[in-house]
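Just below is one structure, and these are the notes that go with it.
For clarity, every value in this text was computed on a predicted model and none was experimentally measured. Proteins come first, then strands; the chains are lettered A, B, ... in the order of their sequence lines, and each starts at number 1.
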There are 2 protein chains.
Amino acid sequence: MRDDESGKRSKNGRSGSGSRAEARRATEEAILKAAETVFAEAGFGGATMQLIADMAGLPKANLHYYFATKEALYRRVVERIFTTWLEAADVFDEAVGPAEGIGAYIDAKMEISRSHPNGSKVWASEVMHGAPVIQDYLETTLRDWTEGRAKIIRRWIAQGQMADVDPHHLLYMLWATTQHYADFGHQIETLNGGKPLSDEQWEATKASVKGIVLRGIGVL
Amino acid sequence: MRDDESGKRSKNGRSGSGSRAEARRATEEAILKAAETVFAEAGFGGATMQLIADMAGLPKANLHYYFATKEALYRRVVERIFTTWLEAADVFDEAVGPAEGIGAYIDAKMEISRSHPNGSKVWASEVMHGAPVIQDYLETTLRDWTEGRAKIIRRWIAQGQMADVDPHHLLYMLWATTQHYADFGHQIETLNGGKPLSDEQWEATKASVKGIVLRGIGVL
DNA sequence: ACTCAACTTGACCATACGGTCAGAACAAGA
DNA sequence: TCTTGTTCTGACCGTATGGTCAAGTTGAGT
């Protein structure tokens, strides 16, 4: 059933040399990557530890050595995605005005949607199911982050740099629009003749999204 | 285990009178409604026929009498949602211009997001997993619908009634933004202090979304 | 009252899944 | 080389799930 049958890998087939701790990190990384893919494609309920193990290239029992339970593994995957998004939002703060800040934020989130679609899908799935494992993050980190950005937007509005729109709904629109290209990527690809968006199309997409949004908030 | 124990329902507990065919329709309706809820909350893989049966108020074996397999039941649920959306899009065609047409479309989709959040979630889940059961709909009905609306939008642009934006990306933005309030309703609720949006907040939301989008396409 | 197809249901089955375990293989320090 | 903790793995287990089945019950048509 396993996809390799060399039968004589020097150790575990990953990174021939390196310290013990490094090998462990590499294995965990491979598992997390495989898990993200499987969870994204099948959902939490549809994912199986066997499938994740196969994709990571190790026996199921070994997978359980690194991650005791399916829930624990899933939690780590979701936490990773959340962290990635938070880090990518720094562009927001460093901007001097809405055109630059929101434009750069759209660019950043769109890039993540293209390079990390599976993460976005896992997050969407988690939230759609009522956020059973990351509810605490929503109530603390995400809420703080959102309020912080809302304050910045309100300042821009007060300074007359953009139209008077509700900051929360603007943020929701940014999330919805950018993540849509990851979560509904399959639908978009189908409507694009069955082919993924080309590099040119992708640039046009970002420009189009930014154009509508920035014009929509009176910046342009 | 079953939640009722009356033990003496005259027939099946649903609609005491009515023809045979009508009773069948009522039972199927109850099953489909329960299934939509369970599929939305747990995903296809996490949903169980037992849970759906319990929620519909009949034994699992009886559920299999009406829907042979889990897949068949799921397919019917997804088809229903798709139909609902298509019907709600009529407002688009009847409009004389973009302000009215797109504004009304946003209103319609937002209302569906509020009244039918589970349907939206099931659809999102299906598409995110690669549309294993409704791929044909995407390639035929949805593609035709999309091209038709894109043509209308292009006409509006040609007539100088709105800004020159890519019709497809505009449609994606409409879908993303409106469905976000259903699919990510839990996240929005959490960021709203744990309370669902009130009627007033809901009206403000619709106005805000329409405001940004319509201004974004040069109509306002 | 009788018939027969439509419907209902508890009990049952095979399978697949998450998780366990005992022991083998390995590597690093003494 | 020996020891010891870490890592690896096949075999195994209990449970839950989708689905089946045979034996009922019901009710409309005659």
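Ion pairing between B:Arg25 and B:Glu29 fails under the 4.0 Å rule for side-chain N and carboxylate O.
Using a 4.5 Å heavy-atom threshold, the side chains of A:Leu138 and A:Gln135 count as touching. Considering only heavy atoms from C-beta on, A:Thr178 stays 4.5 Å or farther from A:Tyr105 through its side chain. A 4.5 Å side-chain heavy-atom check between B:Arg76 and B:Ile31 finds every atom pair outside the cut-off. Side-chain contact between A:Lys70 and A:His64 is absent, with no heavy atoms from C-beta onward closer than 4.5 Å.
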Please list, pair by pair, any protein nitrogen or oxygen found under 3.5 Å from a nitrogen or oxygen in nucleotides 16-23 of chain C.
unit_1	atom_1	unit_2	atom_2	d
C:dG18	OP1	A:Ala47	O	3.2
C:dG18	OP1	A:Lys70	NZ	3.2
C:dG18	OP2	A:Met49	N	2.9
C:dG18	N7	A:Lys60	NZ	3.0
C:dG19	OP2	A:Lys70	N	2.7
C:dG19	N7	A:Lys60	NZ	2.9
C:dG19	O6	A:Lys60	NZ	2.7

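Contact annotation: A:Arg24 reaches the phosphate of D:dT7 (side-chain N/O to OP1 or OP2, under 4.0 Å). Distances shown here put a side-chain N or O of B:Tyr66 below 4.0 Å from the OP1 or OP2 atom of C:dT8.
Rounded to an integer number of Å, the gap from CG of B:Asn62 to C1' of C:dA6 is 11 Å. Here C:dT9 presents its P atom at 7 Å from CG of B:Leu58, a figure rounded to the nearest Å. In this structure, CD of B:Glu22 is placed 19 Å from P of C:dA6, rounded to the nearest angstrom. Rounded to whole Å, the distance from CZ on B:Arg25 to P on C:dA6 is 19 Å. We find that CZ of B:Phe67 is positioned 16 Å from P of D:dG18, with the value rounded to whole Å. Distance CG (B:Leu73) to C1' (D:dG18): 12 Å, rounded to an integer number of Å. Here C:dC7 presents its C1' atom at 12 Å from CD1 of B:Ile31, a figure rounded to the nearest Å.
Listed candidates were D:dG10, C:dC26, C:dT8. Nearest to the side chain of B:Tyr65 is C:dT8.
Within the structure, every pair that satisfies the salt bridge (Lys or Arg N to Asp or Glu O under 4.0 Å) test and touches residues 108-133 of chain A, not counting sequence neighbours, is listed here: A:Glu111-A:Lys206, A:Arg114-A:Asp199.
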